[in-house]
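Below is one structure, written out as structure tokens; the observations come after it.
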Amino acid sequence: MCTVTYIPTGKGAFLTSNRDERTDRAPAEPPITRYAPAPLTYPKDTQAGGTWIALKGRCDAAVLLNGGFQNHARRHSYSRSRGLIILEIVEATAPADCFETMALEGIEPFTLILFTGGRLMRCTWDGSRKHRKELDAHRPHIWASATLYNDDARQMRAAKLQQWYGKTAVNVESILDFHIQDDIRFNARQSFNEHRDTIATVSVTSIDLTSPEPAMHYHDLRTGRTFVTRQPPAISDEQTAFNSFHWKMRRFLIRLRNWEYWPLECVYLPMVPAWLWLSMKARSVCFFGAANPSMRYAGFAGEHKSRIYSLMPQNTYPETLLCEAGISRKKVQELLHSASFKFPLIAKPDVGERGVQVQLLKNDSNLEDYRRRSRVDFLLQPYVDYPNEVGIFYHRMPGELSGHISGIVGKELLSVTGDGIADILTLIMQDDRAILQLPALHTSLGERLKSVPAAGEKVRLVPYGNHSRGSKFTDLSHRVTPLLTRVIDQICAGIPGFHFGRLDIRFKSWEDLEAGQHFSIIELNGAASEPTHIYDPKHTLFFAWKEIYRHWKILLEISMANVRHGVPRMTFRDGVAMVREHRKYLKLMRKV
């Protein structure tokens, strides 16, 4: 990234960059827009995945130049691409502060021109120290990469800008003309770079901040094509808050027609007589308490995921970091560094409840926001991106060598498929399951709701396999095979005191899972596990009640067998303490 200009006007400013690259480097992708949470538009470097210029929202922009104040000797390798660093900085709530606090050891020197909140700043990392200087945003500036040009070449460019500015009407076309003239675009005769004979200006990208709808103009000089990407207009709360009476009634009617969306109380209250009947047979309302002796309350409530993971065989679950509530930013960074964790990460409470506060973290800014908001201990795990996710319900009688799979649920994450015409909001309106998630999707996707996916493009709206977050559950119990049962048996036999529960697993393919390869157990749930295959839309509520009772009977039999082997019963007092403790914890967890 060689020459950058900042040109102010009475209505705003233009920030423009020449991309000077080796001609044998793969071409970049034209600008794309992602939303996290503000719209972020940038051309994507296909080799490293980052960028050199980015527009965020309606007033923030950043441009990267290679090198600091002077040319440097390149190392053989660096820990991260500078193109990824710029994305992380500009995506932050306070980009300049993010630059100041970000750890840059092991990053190649760079200069970042940052325009944010009406302020123009030059942020430089020279390889050992950070430098930040605020510049006059009311006059033009030009910069050239220290890795390509010496002071004389940079001063010549500054003189050219002064000659041009004030004598030419400033617009996208005139700025492009300025950037592609011989003395501004890459000229091998002016450069000292050892690869200068194979370098050329391959594109000019200009950010126009002079109109109510900021735009990025990307000129591909190799193909002669120009791409214009405009920031979508803000979506008004009146249109998409989705909390009006109309939308509440629409969601109510969808839930009313489909029992799978009913509140838990509506599903389980009619089952109270069945529970009491089993309690009479066991002479204990808490008959489940001895089912999994190694788990607190048999895993019914209050068990720590970190402790459950510690019981499981190595390499069957994601590497996990436990972060205490109130942990400092520095301590989190130290933990990530020691474990060599890379984004994206999954964060979730150590004691969970139906997907509450489970979040995909894409960068340091997301992590810092989660750390500050969490009032409870939480876990960090690398995001497991296998394409398939299932819940496998398993039980084994104490003393028996093998167990049984009593149900498998497939999880189809909430998504929409583009047709090249409709925006995401329109596609959501065609799916009742997605309509139920509209308030949360409005918060998480924001203006992305107005973007138009390409024909056939599948857009994942929620990256978690939770029914309460919109995932479609499908009964895959026909997938039970002797090979799969043998694999699950081997895993569960390695978990001390585990007899009853559900394993939520992500895996590459069914063949790999049956071979015990390319899978990861995301969650292991104990006595409170639901046979979640009941939530397949094809099943009736009566089928669900039948399956729930069947699994309660199994839970009773396992628990009573363990009692006969000396495992202590769970008392009514223990049950009351469990409920009080869990309610108190949930109140704390949801206090954000």
Side-chain angles (χ1 to χ4, degrees), residues 258-264 267-268 271 299-300 305 308 316-317 346 348 352-356 358 384 386-396 403-415 431-434 436-437 460-481 483-485 487-489 491-492 498-514 518-555:
N258 301 274
W259 76 264
E260 62 169 303
Y261 304 130
W262 291 3
L264 284 178
V267 175
Y268 280 92
M271 298 288 295
F300 196 86
K305 298 181 191 294
I308 293 177
T316 60
Y317 59 93
I346 286 290
K348 53 189 174 184
E353 175 70 15
R354 300 179 68 84
V356 176
V358 177
V384 179
Y386 286 135
N388 302 297
E389 182 172 345
V390 294
I392 297 180
F393 209 110
Y394 173 87
H395 59 88
R396 177 174 55 86
H404 307 275
I405 296 176
S406 56
I408 300 179
V409 61
K411 302 180 180 183
E412 182 181 327
L413 275 59
L414 187 64
S415 62
D431 184 351
D432 284 353
R433 191 175 300 274
L436 292 178
Q437 302 296 320
R460 183 176 292 178
L461 303 177
V462 179
Y464 326 111
N466 296 106
H467 189 261
S468 59
R469 305 287 284 272
S471 290
K472 181 180 179 180
F473 281 12
T474 306
D475 190 347
L476 300 180
S477 299
H478 64 277
R479 284 281 190 176
V480 178
T481 65
L483 283 176
L484 182 61
T485 302
V487 168
I488 301 302
D489 251 335
I491 294 170
C492 294
F498 176 71
H499 297 279
F500 180 95
R502 191 185 68 245
L503 297 82
D504 294 334
I505 304 176
R506 281 201 165 183
F507 59 100
K508 187 175 181 181
S509 69
W510 283 100
E511 292 76 17
D512 285 325
L513 183 58
E514 289 183 336
H518 305 301
F519 73 91
S520 185
I521 301 174
I522 306 301
E523 298 277 355
L524 177 66
N525 303 281
S529 299
E530 286 185 293
T532 44
H533 58 278
I534 64 175
Y535 292 112
D536 188 320
K538 71 181 180 184
H539 290 319
T540 67
L541 181 56
F542 293 101
F543 173 87
W545 285 337
K546 180 180 177 181
E547 282 294 279
I548 292 169
Y549 183 68
R550 179 169 75 94
H551 284 80
W552 283 356
K553 286 177 63 179
I554 295 171
L555 178 62

Query raised in the report: Charged N to carboxylate O below 4.0 Å: is that the case for E530 and R502?
Result: no
Query raised in the report: Side chains of H467 and T532: is there a donor and an acceptor less than 3.5 Å apart?
Result: no
Query raised in the report: Within a strict 4.5 Å, meaning less than it, do heavy atoms of the L484 and L513 side chains meet?
Result: yes
Query raised in the report: Just checking, any donor-acceptor pair under 3.5 angstrom between side chains of S477 and D475?
Result: yes
Report task. Kindly compute the distance separating NZ (K411) from CD1 (I505), expressed to the nearest 0.5 Å. Result -> 10.0 Å
Report task. Drop me the distance from S520's OG to F507's CZ, to the nearest 0.5 angstrom. Result -> 12.5 Å
**Report entry** Reported CZ-to-CG distance for the pair R433 and N258, which is rounded to 0.5 angstrom
**Finding:** 8.0 Å
Report task. Give a yes or no on whether a salt bridge exists between K472 and E260, defined as a side-chain N under 4.0 angstrom from a carboxylate O. Result -> no
Query raised in the report: Roughly how far, to the nearest 0.5 Å, is CG of L503 from CD1 of I488?
Result: 5.5 Å
Query raised in the report: Are F542 and W545 an aromatic pair by the rule of ring centers under 6.0 Å?
Result: yes
Report task. Mark yes or no for whether H539, through its side chain, and Y535, through its backbone, hold a donor-acceptor pair below 3.5 Å. Result -> no
Query - Spacing of F300 atom CZ and S529 atom OG [to the nearest 0.5 Å] - result: 10.0 Å
Requested in this report: Mind listing the closest non-hydrogen atom pair of S471 and L413 along with its distance?
Outcome: OG-CA, 3.8 Å
Report summary line: T540 and W259 have their tightest heavy-atom pair at C-NE1, 3.5 Å
Report task. Test I408 against every option in H478, H533, R479 by the side-chain contact (heavy atoms from CB on, under 4.5 Å) rule and name the one that passes. Result -> R479
Query - Geometric class of the H395/H404 ring pair [parallel <30°, tilted 30-60°, perpendicular >60°] - result: tilted
